[in-house]
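Have a look at the structure below before the remarks.
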Amino acid sequence: MIKIYNTLSKKKEEFKPINPPNVNMYVCGPTVYDFFHIGNSRSFIMADIIRRYLEYSGYKVKYVMNITDIDDKIIRKSIEQNKPFKEIADEYAGYFLEDSKKLKIKEADVFPRPTEHMNSIINLIKELEEKSFAYNVDGNVFYDVSKFKEYGKLSGKNIEDLISGARIEINKDKKNPLDFSLWKKAKEGEPYWESPWGNGRPGWHVECSAMSCAHLGNNFDIHAGGNDLIFPHHENEIAQSEVANGEHFVNYWLHFGFLIINNQKMSKSLGNFFTARDILKIYSAETIRLFFAQAHYSGPLNFNEELLTASQKGLEKLTNLQKKIDDEFSSETRDGIMPKLDFNKYKTDFQTAMNDDFNTPQAVAVIFDFVKDANKIIGENTNINSEFYSEIKNFLQTTAEGVLGIMDFTQKEEGDMATKEKELIELLIKLRQNAKMEKNYALADKIRDELKDIGIALEDSKDKTTYKLKVN
RNA sequence: GGCGCUGUGGCCAAGUGGUUUAAGGCGAAGCUCUGCAAAAGCUUUAUUCGUCGGUUCGAAUCCGACCGGCGCCUCCA
């Protein structure tokens, strides 16, 4: 039984899908005017892990992530660069998909874009207008927040407090400062779409309402996004969708915590961010994913390179065991003893952890415990049969690789080194072996040192010498 | 000002009433292996959970006060 902390109720609730085994899930995606940063990728990765775990648990997930391809920032960039907005949006949407793939994030079933959903959006606004929840001021259409009695139910705010807090810019067209745009009248030179209110484009919140319902229905299971979207974005989505459709909108709201740098939220406006693209040049997807999985998705998380390096070091424990497994399978199947290891216990522990509001740090701990115990057994026994290794591989493939995405059994250590280079290294290793046998340690050490200088680290073990490519 | 989150070992971070005198990772120390080294593996590493009170047979976990950090209330994952 999976439990999920629901922002709406502020409680952990048992997860009951509307139409099992189907689960409909919507995650707020990027606005494509720039590269996304590593903080954004935390949300995308944690949402991906949640999706994978639901699938692991037997659910059939329909996963939808919007790509916002029209907004103020895209327009601003298109003016700056003197390119059509569509070109900017397509360019960065492309980067987004590329980087997501590099982060081993499973593709969404649908990536809806507002510019392709204008009819749904306009119909939704019309519905709100007919129900008198929207008003038109000279081609700008606003949502009348005072009409929606439940406004604030997600964020725990109430309208009076919000008004008295009033950091909101005064807009003379609005009846109430909290009212928000549904349809924005096009200014001179801006891209526009035709509508009953004249030429313009949709407001930000309305697109998510329209697109999520278009693909997942008026009432669906899970809606996730960053903490900063709770208010006003998700609050407004509820106000729009529930009024327009007359149905309860989303059953479970999940929100992701921020990355903290030097005690501050990582954000575009503060400029204290690293793009996912740049981080990926230094750290593997597995390292980044492990780093995120080591903290619960909902809380804030400190970020700096030392911490990523710590995760990278930790990951080596997993890849070392993986290497042992790969070596085992590269030779013939072997008979031998089948040591005792309670695979089911680890599996159960993993599930228990993940069932509890996707407690990935606990799940990671189970993986590390498992690896430690497996290593111990491998170290203590010489004649282990192949089946044992296959069980180990199977466990890690379903959990560490399949759910968390912190291992990759399809990846080989040598990377894309040419065959000739590999043979050359093997040759040097052989020469060094000979030197060692002749006790010419000076030569043996020289070979090792010089290879190290060019980034190839030799490691002697009992019966053979292996090598590793060192990044730095 | 309103709402919300948060304070656990040198660092990161789970745990939210007894099975925990607190998981896991990094770091550190020791050991094994080794010509040496590296790598790897193993072992050890918090009587203590921001402070002070209270509730309880029992609290990191519940309550109160206080101190500190962060976020949202404006675009933001």
Side-chain angles (χ1 to χ4, degrees), chain A residues 7 10 27-31 33 36-47 71-73 152 155-158 160-169 177-178 180 204 224-233 235 255-260 263-270 273 290-291 293-296 298-304 306-318 320-321 323-324 349 353 356 359-369 371-372 375-376 378-380 436-437 439-442 444-445 448-449 452 457-462 465-468:
Chain A
T7 309
K10 294 187 172 59
V27 180
C28 279
T31 298
Y33 67 98
F36 65 95
H37 62 65
I38 194 73
N40 302 126
S41 68
R42 182 186 188 198
S43 293
F44 302 149
I45 286 172
M46 294 317 286
D71 96 313
D72 291 349
K73 278 173 279 193
S155 54
K157 299 176 189 297
N158 63 61
E160 294 75 50
D161 288 346
L162 284 166
I163 293 170
S164 65
R167 273 166 62 195
I168 301 159
E169 202 182 317
L178 295 172
F180 55 90
W204 175 43
N227 252 324
D228 49 359
L229 297 181
I230 296 174
F231 192 91
H233 186 56
E235 195 71 70
H255 290 97
F256 304 110
F258 301 122
L259 246 40
I260 306 293
N263 257 341
Q264 265 190 325
K265 171 189 174 185
M266 180 186 288
S267 80
K268 278 265 161 72
S269 43
L270 289 167
F273 64 90
L290 175 63
F291 171 69
Q294 279 175 310
H296 188 76
S298 63
L301 174 63
N302 286 309
F303 178 87
N304 60 52
E306 290 89 293
L307 294 171
L308 265 181
T309 304
S311 291
Q312 187 179 40
K313 293 283 291 176
L315 193 67
E316 284 176 23
K317 282 215 163 88
L318 307 187
N320 286 329
L321 179 57
K323 214 189 289 173
K324 285 185 206 166
D349 288 351
D356 182 19
N359 190 335
T360 54
Q362 190 62 49
V364 167
V366 173
I367 303 281
F368 276 101
D369 280 340
V371 168
K372 178 179 259 185
N375 271 327
K376 207 168 174 180
I378 292 169
E380 284 166 356
K436 275 171 70 177
M437 278 186 318
K439 298 213 188 300
N440 185 352
Y441 294 120
D445 289 350
R448 186 172 62 195
D449 290 345
K452 192 179 176 188
L458 296 191
E459 289 165 9
D460 294 340
S461 61
K462 238 177 254 167
T465 299
T466 55
Y467 61 91
K468 257 187 196 168

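In the text below, chain A, chain B and the rest are named by the order of the sequence lines, each starting its count at 1. Just so it is clear, the model here is predicted, and its values are computed rather than measured.
Taking the C1' atom of each, B:rU48 and B:rU8 are spaced 9 Å apart, rounded to whole Å. The gap from the P atom of B:rA59 to that of B:rU20 amounts to 16 Å, rounded to the nearest Å. For B:rG17 and B:rG54, the C1' atoms lie 15 Å apart once the distance is rounded to whole Å. Here the separation of B:rC57 from B:rC12, taken at their C1' atoms, is 37 Å to the nearest Å. To the nearest whole angstrom, the two P atoms, one in B:rA13 and one in B:rC33, are 38 Å apart. Spacing of P atoms, B:rG24 relative to B:rC70, comes out at 32 Å, to the nearest Å. Remark: the separation of the P atoms in B:rU51 and B:rA60 is 12 Å, to the nearest Å. Spacing between B:rC42 and B:rU61 at atom P, rounded to whole Å, works out to 34 Å.
In this structure, CG of A:L301 is placed 14 Å from C1' of B:rC5, rounded to the nearest angstrom. Between A:F256 atom CZ and B:rG71 atom C1' there is a gap of 17 Å when expressed in whole angstrom units. Atom P of nucleotide B:rC33 and atom CG of A:N320 are separated by 20 Å, given to the nearest angstrom. When the P atom of B:rA13 is taken as reference, atom CG of A:L259 falls 10 Å away, rounded to whole Å. Put simply, CG on A:N227 is 11 Å from C1' on B:rC70, counting in whole angstrom units. Between A:K324 atom NZ and B:rA39 atom C1' there is a gap of 11 Å when expressed in whole angstrom units. Atom pair A:E316:CD and B:rA39:C1' shows a separation of 9 Å (rounding to whole Å applied). For the pair A:E235 CD and B:rG2 C1', the computed distance is 14 Å after rounding to whole Å.
Set against B:rG35, B:rA13, B:rC11, the side chain of A:L307 has B:rC11 as its closest nucleotide. Here the nucleotide nearest the side chain of A:N375, chosen from B:rG41, B:rC75, B:rC12, is B:rG41. Distances from the side chain of A:D460 to the nucleotides B:rG71, B:rG69, B:rA37 place B:rA37 closest. Between B:rC42, B:rG35, B:rC72, one nucleotide has an atom nearer to the side chain of A:Y441 than all others, and that is B:rG35. For A:Q362, counting side-chain heavy atoms from C-beta on, the closest listed nucleotide (B:rA23, B:rG25, B:rU43) is B:rA23. Proximity note for A:A444 (side chain, C-beta onward) versus B:rA40, B:rG69, B:rG35: the nearest is B:rG35. Distance from the side chain of A:K157 is smallest to B:rG2 among B:rA14, B:rC70, B:rG2. For A:K317, taking side-chain heavy atoms from C-beta onward, the closest of the listed nucleotides B:rC5, B:rA39, B:rG41 is B:rG41. Among the nucleotides B:rG27, B:rC12, B:rG24, the one closest to the side chain of A:D369 is B:rG24. With B:rC42, B:rG25, B:rA14 as the candidates, the nucleotide lying closest to the side chain of A:K372 is B:rC42.
Residue-level contact check: A:L315 touches neither bases nor backbone, having no heavy atom under 4.0 Å from any strand. Residue contacts shown for A:N158 are absent, as no nucleic acid heavy atom lies under 4.0 Å away. A:M266 comes within 4.0 angstrom of a base, heavy atoms only. If you check every strand for non-hydrogen atoms under 4.0 Å, A:I230 touches nothing. A:G257 comes within 4.0 angstrom of a nucleotide base, judged by non-hydrogen atoms across all strands. Note on A:S155: only backbone sugar-phosphate atoms sit closer than 4.0 angstrom, heavy atoms only; bases stay farther off. Residue-level contact check: A:H296 touches the backbone only, with heavy atoms under 4.0 Å from sugar-phosphate atoms and none from bases.
For the atom pair OG1 (A:T7) and CD1 (A:I230), the distance works out to 5.0 Å, reported to the nearest 0.5 Å. For the atom pair A:D228 CG and A:C28 SG, the distance stands at 10.0 Å (nearest 0.5 Å). Separation of atoms CZ (A:F44) and CZ (A:F256) is listed at 9.5 Å; rounding is to 0.5 Å.
Remark: B:rU48 base-pairs with no nucleotide; criterion is Watson-Crick or G-U wobble with both hydrogen-bond distances under 3.5 Å. Pairing for B:rG35 is absent, with no Watson-Crick or G-U wobble pair whose two atom distances lie under 3.5 Å. Applying the Watson-Crick and G-U wobble criteria (two distances, each under 3.5 Å), B:rU16 pairs with nothing in any strand. With both pairing distances under 3.5 Å, B:rG68 is matched to B:rU6 as a Watson-Crick or G-U wobble pair. B:rA23: no Watson-Crick or G-U partner with both key distances under 3.5 Å is found in any strand. Of the nucleotides present, B:rA29 is the one that pairs with B:rU43 by Watson-Crick or G-U wobble criteria, both distances under 3.5 Å.
With contacts defined as side-chain heavy-atom distances shorter than 4.5 Å, the pair A:K268/A:F273 qualifies. Within the 4.5 Å cutoff, side-chain heavy atoms of A:N40 are placed close to those of A:H37. Looking at A:F180 and A:E235, their side chains never come closer than 4.5 Å, going by heavy atoms from C-beta outward. Within the 4.5 Å cutoff, the side chain of A:L321 has heavy atoms near those of the A:I378 side chain.
Both A:N40 and A:N359 lie close to RNA chain B; mapped to their nearest nucleotides by heavy-atom distance, the more 5′-ward contact belongs to A:N359. Mapping A:G379 and A:A310 onto RNA chain B via the closest heavy atom, the residue that lands nearer the 5' end is A:A310.
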Checklist entry - Would A:R448 and A:D445 satisfy salt bridge (Lys or Arg N to Asp or Glu O under 4.0 Å), going step by step from the backbone distance to the final call? => result CA-CA 5 Å; A:R448 186 172 62 195; A:D445 289 350; 3.4 Å; yes
Next on the checklist: Checking A:K324 against A:N375 for the side-chain contact (heavy atoms from CB on, under 4.5 Å) test, could you report, in this order, the C-alpha distance in whole Å, the side-chain angles of both residues, the deciding distance, and whether it holds?
Outcome noted: CA-CA 10 Å; A:K324 285 185 206 166; A:N375 271 327; 2.6 Å; yes
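Put simply, the side chain of A:D445 and the base of B:rG35 share a donor and an acceptor less than 3.5 Å apart. Looking at A:K268, its side chain has no donor and acceptor atom pair within 3.5 Å of the base of B:rC75. A:R448 contributes a side-chain N or O that forms a donor-acceptor pair with the base of B:rA37 under 3.5 Å.
Applying the 6.0 Å contact sphere to NZ of A:K10 captures more than 12 heavy atoms from other residues, nucleotides or ligands.
In this structure, A:F258 does not count as stacked on the base of B:rG71 under the 5.5 Å centre distance and 30° plane angle limits.
Within the structure, every side-chain polar atom (N or O) of A:K436 is placed at least 4.0 Å from both OP1 and OP2 of B:rC36. OP1 or OP2 of B:rG27 lies within a sub-4.0 Å distance of a side-chain N or O belonging to A:K313.
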